[in-house]
Amino acid sequence: MAARREKADAMRKQGGEPFPHSFEGVEAIAEVLSAHDGLADGEETESKHRVAGRLAARRGQGGAAFLDLYDRSGRIQLLAQTDHLGEEAFEAVRDLDLGDLIGVDGTAIRTKRGQLSLKLDAVTLLAKSLRPPPDKHHGLKDIETRYRRRELDLIASEDARDLFVTRAKVITAIRGFLDRDGFIEVETPVLQPLYGGAAARPFTTHHNALDRNFFLRIATELYLKRLIVGGLERVYELGKDFRNEGISPKHNPEFTMLEWYEAYSDYMVIASRLEDLVRHVAKEIEYEGEIDFESPWQRESLRDSILSRCGVDILAHRDRDSLAKEMEAKGLEVPKTDTWPQLVDELLTKHVEPELIQPTILFDYPVELSPFAKDHRSEPGLVERFEAYAAGMEISNAFSELNDPDEQRRRFESQRADAAAGDEEAQPFDEAYLRALEQGMPPTGGIGIGIDRLVMLLTGSKTIREVVLFPAMRDES
RNA sequence: GGGCCGUUAGCUCAAUUGGCAGAGCAGGGGACUCUUAAUCCCAAGGUUGUAGGUUCGAUUCCUACACGGCCCA
């Protein structure tokens, strides 16, 4: 590092600038490569190109040196010859360090060994790299460093760069799909006077001028449905939610969520659109993994999904003790939990979710688990809700939205009782939301999709930290 | 929260039973005008995560802590 600093200082003393302002007229390296695809070995052209990027490798230092330069699009070999460049410029090339950002002007040739290269006419240092790059062929393997210093990971790993490009394509494809279907993208408050729309503990923060606390949103659901009341009919929001909970391979405290709501539809319409959306996205990113998004997704009721795997009929045992007894009878471990929904969640999470590798929609949930879903049109005690799973992971949660304000009020009251009994994830009572429902909300279907998990699924990533650029970490020691 | 594993040079990794802490790459000096994990020669690079303990002697054994990973709750 000291040597690199000295080179930068020496350059300044000689009137040079190790950090110039710009370098205009750059071509993507991939374009240069494809423009000379057919060039024969040993053949030279008159074709001039200007490219810029980071220096990755260097070979030879006599009268000729080969350098590898890469940008976002690709990697190209540079040939520096003292005869052609002149002594001074060649010395400048010798002074470059791996990791330096440079701009070059060169002439396209193919070497005798068949490598398309730019024969250098001029080289400009665009930014001196004062710190050494990771190992040029082992890359950066330390997981902790890859997450804490993602820029190093991106410098060292084309796979890492590709993954985040894919993530961007996923998001672009989602927007394209929903926009074409007549949805409008909206932005609702991140700072909310009252949080809601999911079972989670919030972050709190303080607004000085108003002298009051705000919550960082845990979901966009309730505001988006107020827009449905307002007549926007088809809305979506793609943005960050925040949940003040543990960190795990599937959980980051801030994460990206897509929610959409459409008037005059229900959860089955939503299920079809979800399949179409994911199929569209997989196609756009040219997905070639193990998951089959093309065929119709498997569909099972929640009750059947548990019954077939555990032999326990949750609907035949609608209270905590009865279900616990039945689980025991089937030889299943019964956690020390207080409520029936927690036992159902245990069965689902432990015994069903890990089995759902190919995309599967589980539908018709107990009302106790779903304070914003509409009662089932034919099954008492159930609501019209589904969750979509793939690769053993929940990726989506949707319902026919509860639009009866009086029923919604009863659900909030029941949540209030749960909260009083110590449930920290119970929904707070939201009078502003009820007032909106009293204005009249059309029958509506809505959904939330975890974008980080969808990207995990589409890129075969095992942890959310692989698909979030800067995952949450403890302070370094 | 519990259990197990890891933490050694800028990066990737070694180090026998507790006995002088090593290599490759990167960086420094030198040779080399078709190399592509370039090659060759020379020199340098370390508070072994932190704090204690045991010992004549600790990267190695013990304890605590920090960070990370995996599993469990």
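Atom set for the values below is all heavy atoms of this structure, side chains included, hydrogens, waters and symmetry mates excluded. Treat the numbers as computed from the prediction; the structure is a model and nothing was measured. Residue numbering restarts at 1 for every chain, and letters A, B, ... go by the order of the sequence lines.
Distance from the side chain of A:Arg4 is smallest to B:A26 among B:C34, B:G68, B:A26. Ranking B:C34, B:C25, B:C70 by closeness to the A:Asp135 side chain, first place goes to B:C25. Nearest to the side-chain atoms of A:Glu333 among the listed nucleotides B:C34, B:A73, B:C70 stands B:A73. Comparing B:A26, B:C67, B:G27 against the side chain of A:Pro132 picks out B:A26 as the nearest.
Nucleotide B:G1 is matched to B:C72 when pairs are restricted to Watson-Crick or G-U wobble geometry with both distances under 3.5 angstrom. B:A21 is unpaired under the Watson-Crick or G-U wobble criterion, no partner having all donor-acceptor distances under 3.5 Å. Nucleotide B:A43: unpaired (no Watson-Crick or G-U wobble partner with both distances less than 3.5 Å). B:G27 is unpaired under the criterion used here, namely a Watson-Crick or G-U wobble arrangement in which both key atom distances are under 3.5 Å. Figure legend. B:C65 is base-paired to B:G49; pairs are counted as Watson-Crick or G-U wobble with both atom distances under 3.5 Å. The pairing partner recorded for B:A15 is none, the criterion being a Watson-Crick or G-U wobble arrangement whose two distances lie under 3.5 angstrom. The nucleotide B:C32 finds no pairing partner, because no Watson-Crick or G-U wobble arrangement with both distances shorter than 3.5 Å includes it.
If you take CD of A:Gln342 and C1' of B:A73, they are 14 Å apart, rounded to a whole angstrom. Nucleotide B:G1 holds its P atom 15 Å from the CD atom of A:Glu245, rounded to whole Å. With rounding to whole Å, A:Leu39 atom CG is found 15 Å from B:C34 atom C1'. Counting to the nearest Å, the P atom of B:G68 and the NZ atom of A:Lys141 are 22 Å from each other. Here the C1' atom of nucleotide B:C72 and the CD atom of A:Glu346 are 12 Å apart, to the nearest Å. We find that CG of A:Leu78 is positioned 14 Å from C1' of B:C34, with the value rounded to whole Å. Atom CD1 of A:Ile143 is separated from atom P of B:C11 by 15 Å (rounded to the nearest Å). Residue A:Arg94 contributes atom CZ, which lies 10 Å from atom P of B:G28 at whole-angstrom precision.
Screening A:Glu466, A:Arg148, A:Arg150 for a side-chain contact (heavy atoms from CB on, under 4.5 Å) with A:Pro471, the sole residue that qualifies is A:Arg150.
Using a 4.0 Å heavy-atom distance criterion, A:Gly139 is classed as a sugar-phosphate-only contact. Nucleic acid contact for A:Arg110: none, since no nucleic acid atom lies under 4.0 Å from a heavy atom of the residue. Residue-level contact check: A:Lys350 touches the backbone only, with heavy atoms under 4.0 Å from sugar-phosphate atoms and none from bases. Among the protein residues, A:Lys119 comes within range of no part of the nucleic acid, since none of its heavy atoms lies under 4.0 Å from any strand. Residue A:Thr145 is out of contact with every strand shown, counting any heavy-atom pair closer than 4.0 Å.
Comparing the C1' positions of B:A21 and B:A66 gives an interatomic distance of 24 Å, to the nearest angstrom. Comparing the C1' positions of B:U60 and B:U36 gives a spacing of 41 Å, expressed to the nearest Å. Taking atom C1' in both B:G29 and B:G19, one finds a spacing of 35 Å when rounded to whole Å. Of the P atoms belonging to B:U16 and B:G6, the separation is 14 Å, rounded to the nearest Å.
Distances shorter than 4.0 Å separate none of the side-chain N or O atoms of A:Lys7 from OP1 or OP2 on B:G27. Proximity of A:Arg465 to the phosphate of B:G69: a side-chain N or O atom is located under 4.0 Å from OP1 or OP2.
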Could you go through nucleotides 36-40 of chain B and list every protein N or O atom that sits under 3.5 Å from one of its N or O atoms, giving the distance for each pair?
from  : atom 1 : to       : atom 2 : distance (Å)
B:U36 : O4'    : A:Arg59  : NE     : 2.8
B:U36 : O2     : A:Gln77  : OE1    : 3.4
B:U36 : O2     : A:Gln115 : OE1    : 3.2
B:U36 : N3     : A:Gln115 : OE1    : 3.4
B:A37 : N3     : A:His137 : ND1    : 3.1
B:A37 : N3     : A:His137 : NE2    : 2.6
B:A38 : OP1    : A:Lys136 : NZ     : 2.5
B:A38 : OP2    : A:Arg59  : NH1    : 3.4
B:A38 : N7     : A:Gly60  : N      : 2.9

Would A:Arg385 and A:Asn397 count as a side chain to side chain donor-acceptor pair (under 3.5 Å) if you check the C-alpha gap in whole Å, the side-chain angles of each, and the deciding distance to 0.1 Å?
CA-CA 7 Å; A:Arg385 171 183 177 187; A:Asn397 179 26; 2.9 Å; yes
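In this structure, CD1 in A:Ile76 is found 6.0 Å from CD1 in A:Ile29, a value given to the nearest 0.5 Å.
Annotation: cation-pi pair A:Arg94/A:Phe90 absent, no NZ/CZ under 6.0 Å from the ring centroid and within 45° of its normal.
Scanning all heavy atoms of the two residues, the minimum distance from A:Gln81 to A:Ala64 falls at CG-CB, 4.2 Å. Here the closest non-hydrogen pair linking A:Arg243 and A:Ala219 is NH2-CB, 4.3 Å. A:Arg411 approaches A:Ser370 most closely through the heavy-atom pair NH1-O, 3.0 Å.
Counting only residues at least two apart or in different chains, side chain to side chain donor-acceptor pair (under 3.5 Å) contacts with residues 20-33 of chain A comprise A:Glu27-A:His49. Listed by first then second residue, pairs satisfying salt bridge (Lys or Arg N to Asp or Glu O under 4.0 Å) with a partner in residues 448-463 of chain A read A:Arg167-A:Asp452, not counting sequence neighbours.
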